[in-house]
Amino acid sequence: MSDELKKGLEGVLVAESALSFIDGDEGRLIYRGYEIEDLARGASYEEVLYLLWHGELPNREQYDEFRDTMAAERHVDDGVIDTVRELAEQDEEPMAALRTGVSQLSAYDPDAAADPTDREANLRKGRRITAKIPTILAAYDRVRNGEEIVEPREDLSHAANFLYMLNGEEPNDVLAETFDMALVLHADHGLNASTFTSMVISSTLADLHSSIPGAIGALSGSLHGGANQDVMEALLELDDTDMEPVEWVEHLLDEGRRVPGFGHRVYNVKDPRAKILGERSKELGEAAGDLKWYEYSTSIEEYIMDEKGLAPNVDFYSSSTYYQMGIPIDIYTPIFVMSRVGGWIAHVLEQYEDNRLIRPRARYVGSEHEDFVALGER
Ligand SMILES: CC(=O)SCCNC(=O)CCNC(=O)[C@H](O)C(C)(C)COP(=O)(O)OP(=O)(O)OC[C@H]1O[C@@H](n2cnc3c(N)ncnc32)[C@H](O)[C@@H]1OP(=O)(O)O
Ligand SMILES: O=C([O-])CC(=O)C(=O)O
């Protein structure tokens with residue numbers, strides 16, 4: 001047994017996976033052998049889900065069947081909607097509301113009592129959870145804004161249907177395609193903290209309805225998925241001052257704060273997803289005739305790279321992309337869930353196929369010899 005301490009499990013190999021590979025020095029990301037750039041430009045989120053869950057890209061017939069089966073699962077039972085309504089009325093945080101709603105889905109899932117490792121049941125459960133997350137989130141957002149909940153439509157794509165339920169109107173092609181691309185880009189990323197959380201939970205042979213809420217909790221933190229919301233709040237903070245972007249970042253660093261959207265445990269160079277989202281953010285700015293958010297971002301990127309050698313991660317440019325799409329800032333991280341749930345499910349399926357309880361050790365640094373004194377005598 002090695003006594004070497006690997007804080008944060010940095011660089012530790014704990015599993016074999018055929019799902020995604022990251023080359024942190026080259027800035028390369030692949031899902032099952034396919035370059036992220038090719039998938040982002042050519043595949044829909046539904047195709048990527050099929051790829052992650054079934055091991056290959058679907059042909060037309062497989063795709064249609066998969067898409068239709070998933071779209072038919074979008075409706076969410078009244079019990080969950082009642083909970084979401086209550087949580088929205090109580091001003092519950094969006095990530096917490098989503099986590100609770102997803103957890104409650106098990107009460108209505110016909111496969112809830114299946115063996116937790118049953119692959120076919122897990123594919124059905126996974127499809128239902130993935131299909132219902134956008135419905136829960138859009139319902140939450142509409143209730144808190146005092147608006148009627150919009151029922152899902154089966155004829156729209158996963159991405160377009162979400163924007164339709166959120167805004168009450170069909171998105172135009174640019175919005176639907178941009179959102180679909182963002183879902184593709186966020187779908188999987190090796191053993192990031194939330195995915196690892198889902199694996200730890202499933203390694204105890206707990207079920208999918210336990211591992212997904214756990215993963216949502218892990219994604220919510222500001223060092224992980226929560227950073228996309230922080231990035232936009234930081235850009236708005238900058239916009240509120242009369243400082244130049246570089247001056248403002250210097251001030252932020254002087255205060256000992258981290259710049260959200262920069263740095264990564266695996267990438268030593270720019271995250272390839274940030275490159276694609278940066279281009280999209282620029283295009284949206286050009287279309288609106290306002291490149292302010294893109295220009296703030298590029299000035300900050302250049303400065304942080306020169307000063308700290310840190311490159312932007314996926315959260316940096318997703319933020320200004322979503323902002324320019326008119327999406328509320330505090331649902332950026334729930335949107336990450338909407339996509340990453342596909343990766344979590346794929347990793348849980350892999351975990352069950354070759355399971356061993358995940359159980360590392362801590363180096364004990366506490367006292368080893370204390371004389372016990374009863375409560376009344378202390
Ligand atoms: C989808 C995602 O999860 S992507 C990541 C999203 N998170 C963020 O954007 C939050 C900001 N970034 C960070 O906090 C970090 O870069 C992480 C958590 C992503 C990676 O962390 P780690 O690999 O553990 O690196 P660690 O936290 O040890 O940082 C290494 C050094 O870089 C510095 N650093 C890392 N990121 C940043 C940052 N964003 N701003 C300022 N300094 C930073 C640290 O202060 C540290 O410096 P030090 O050695 O002088 O103390
Ligand atoms: O891989 C990580 O640690 C974080 C990340 O970029 C992701 O989860 O997409």
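Since this is a predicted model, take the numbers as computed values, not measurements. Indexing begins at 1, ligand by ligand and atom by atom, following the structure's order.
- For atom 37 (C) of ligand 1, the protein comes within 4.0 Å by at least one heavy atom.
- Contact check on K125 versus D111 returns no salt bridge, with no Lys/Arg side-chain nitrogen under 4.0 Å from an Asp/Glu carboxylate oxygen.
- If you look at K308 next to ligand 1, the close heavy atoms, those under 4.0 Å, all belong to the side chain.
- Against a heavy-atom cut-off of under 4.0 Å, F336 is close to the following atoms of ligand 1: 1 (C).
- When non-hydrogen atoms are compared, ligand 1 lies under 4.0 Å from neither the backbone nor the side chain of A193.
- Under 4.0 angstrom from ligand 1, there are no non-hydrogen atoms of D271.
- Under 4.0 Å from any atom of ligand 2, one finds heavy atoms of residues H189, N192, H224, H264, R273, F336, R340.
- Taking both residues in full, the closest heavy atoms of L284 and Q324 are given as C-OE1, 3.8 Å, listed atom of the first, atom of the second, then distance.
- Between H189 and Y267, a ring centre-to-centre spacing shorter than 6.0 Å is recorded.
- Under the 6.0 Å cut-off for aromatic ring centres, F162 and F179 qualify, their centroids lying closer than that.
- Taking 4.0 Å as the cut-off, N192 does not count as a neighbour of ligand 1 on heavy-atom distance.
- The aromatic rings of Y294 and Y317 are tilted relative to each other, their planes meeting at an angle between 30° and 60°.
- Taking a cut-off of under 4.0 Å to the non-hydrogen atoms of G261, the atoms of ligand 1 that pass are 8 (C), 9 (O).
- Under 4.0 Å is where a charged nitrogen must lie from a carboxylate oxygen, and between R257 and E233 no such pair does.
- Salt bridge E170/R153: present, at least one basic N to carboxylate O contact under 4.0 Å.
- The protein heavy atom nearest to atom 4 (S) of ligand 1 is N313 CG, 3.7 Å.
- Inclusion of L223 in the set of residues having an N or O under 3.5 Å from an N or O of ligand 1 is warranted.
- Residue A227 approaches ligand 1 through these ligand atoms, each under 4.0 Å from one of its heavy atoms: 6 (C), 7 (N), 8 (C), 9 (O).
- Within a 4.0 Å radius of atom 31 (C) of ligand 1, the protein contributes no heavy atom.
- Taking each heavy atom of K292 and D239 in turn, the nearest pair found is NZ-OD2, 3.1 Å.
- The shortest N/O to N/O separation between V259 and ligand 1 falls below 3.5 Å.
- With a 4.0 Å heavy-atom cut-off, ligand 1 is reached by the side chain of V314 but not by its N, CA, C or O.
- Within a 4.0 Å radius of atom 51 (O) of ligand 1, the protein contributes no heavy atom.
- In this structure, G8 does not count as a contact residue of ligand 1, since none of its heavy atoms falls inside 4.0 Å of the ligand.
- Within a 4.0 Å radius of atom 25 (O) of ligand 1, the protein contributes no heavy atom.
- At least one donor-acceptor pair closer than 3.5 Å links the side chain of T83 to the backbone N or O of G79.
- With sequence neighbours excluded, no residue forms a side chain to side chain donor-acceptor pair (under 3.5 Å) with S222.
- When only non-hydrogen protein atoms are considered, atom 11 (C) of ligand 1 lies nearest to F262 O, 3.4 Å.
- Hydrophobic clustering (side-chain heavy atoms under 4.5 Å, transitive across Ile, Leu, Val, Met, Phe, Trp, Tyr) keeps V150 apart from V76.
- Shortest contact from atom 43 (C) of ligand 1 to any protein heavy atom: L310 CD1, 3.4 Å.
- For ligand 1, the atoms lying closer than 4.0 Å to a non-hydrogen atom of D315 are 1 (C), 2 (C), 4 (S), 6 (C).
- Within a 4.0 Å radius of atom 7 (N) of ligand 1, the protein contributes at least one heavy atom.
- Within the cation-pi definition used here (under 6.0 Å to the ring centroid, within 45° of the axis), R28 does not qualify as a partner of F21.
- Scanning the protein for heavy atoms near atom 44 (C) of ligand 1, the closest one is R258 NH2, 3.4 Å.
- The pair E65-R60 fails the salt-bridge criterion, with no side-chain N (NZ, NE, NH1 or NH2) lying under 4.0 Å from an Asp/Glu carboxylate O.
- Annotation: R257 places no N or O atom under 3.5 Å from an N or O atom of ligand 1; distance criterion only.
- Atoms of ligand 1 lying under 4.0 Å from any heavy atom of S222, numbered from 1 in the order shown and given with element: 7 (N), 10 (C).
- Contact annotation for F316 and ligand 1: no heavy atom of the residue comes within less than 4.0 Å of the ligand.
- Salt-bridge check for R363 with D3: failed, with every basic side-chain N at 4.0 Å or more from each acidic carboxylate O.
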